[in-house]
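Okay, so here's the structure we're looking at.
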Amino acid sequence: MPYEIVTVPCLQDNYAFVIANLETLEAAVVDVPEADPINEILAKRGWTLTTVLLTHHHDDHVQGLEALTGRVDLRVIGASADAHRLPPLDVSVAEADTIDVLGIPTHIIDVSGHTMGHITFHMPSQDAAFTADSLMALGCGRLFEGSPALMFESLTKLNALPDETMIYSGHEYTATNARFALTIEPENAALISRREAIKLARAAGSPTVPSSLKRERATNPFLRAHVRQIAEHLGMPNAAPVDVFTEIRKRRDKF
Ligand code: ZN
Ligand code: FE
């Protein structure tokens, strides 16, 4: 069945994603930073919104919900662990659940770290993982609630997905992330050429999200804590990957 996924820039640097079933013309949206750009796409394409998928409770991911077109009939889906601080949920989900979204089997992966109860919606049939503020293009979310070890574990789960999985992250932070990544791995040729591609994309006003997991594995320092050259570059040649990851996250906070 044909589906389309549209990246929708919202607010300053947020992304929502509209997923449409092109046969039924029904749509779902992942996160709602603001309603207007989402309502606009739905109207323009003639899609009916039936489902809202919420990755975590932060305002910049949920605050547009009330103003979405067709609010009355929406099925709102989010993490049971986060239900006390999310908008009212119609369906609560947890790690390892599978739900149906517009006919797409969707797996729930708990990726706590940025917040406790942050989830990723993984759609293997669409090669799509909606990771929001967990794994991001060339980065990972800031640790507001979880420990570095917990985020490392969450990213390790995402890193087990197939190469061709597209990572739909929640913000356009990629240019800054690239500058930071180069301080961790200045010699990484794939990273250097990705930085150039990012510059071109941003100059043209194009999103750098989504990106493939294959590319993230080759360039994202937060997925590369096991690389010996990185540990050596950070002056911790014998450290465990989780400790290298912790150091990289600490440096990113100060960058
Ligand atoms: Zn957030
Ligand atoms: Fe966010």
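On a predicted model such as this, the values are computed, not experimentally measured, just so you know. We count ligands from 1, going down the list as the structure has it; atoms in each ligand are counted the same way.
Between H114 and H118, the angle of the ring planes goes over 60°, which puts this pair in the perpendicular group of the 30/60° scheme. A tilted orientation is assigned to the rings of F17 and Y15, their planes being inclined by 30° to 60°.
Side-chain atoms of H171 and D60 form a donor-acceptor pair, as typed in the model, at a separation below 3.5 Å.
The atom of H171 nearest to the Fe ion (ligand 2) is NE2, with the search restricted to N, O or S atoms. Among heteroatoms of the N, O or S kind in H58, ND1 lies nearest the Zn ion (ligand 1). Take the N/O/S atoms of H56: the one nearest the Zn ion (ligand 1) is NE2. Counting just the N/O/S atoms of D133, the one with the shortest distance to the Zn ion (ligand 1) is named OD2.
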Would you tabulate the side-chain donor-acceptor contacts of residues 135-145 under 3.5 Å, counting partners in other chains and residues two or more places apart, or write 'none'?
residue: E145; atom: OE1; partner: R85; partner atom: NH2; Å: 2.8
residue: E145; atom: OE1; partner: M116; partner atom: N; Å: 2.6
residue: E145; atom: OE2; partner: R85; partner atom: NH1; Å: 2.9

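Contact annotation: H114 places an N, O or S atom under 2.8 Å from the Zn ion (ligand 1). For residue H114, no N/O/S atom approaches the Fe ion (ligand 2) to within less than 2.8 Å.
With the Fe ion (ligand 2) as vertex, D60 OD2 and D133 OD2 subtend 170°, rounded to 10°.
Taking a cutoff of 4.0 Å between a charged side-chain nitrogen and a carboxylate oxygen, E153 and K157 do not qualify as a salt bridge.
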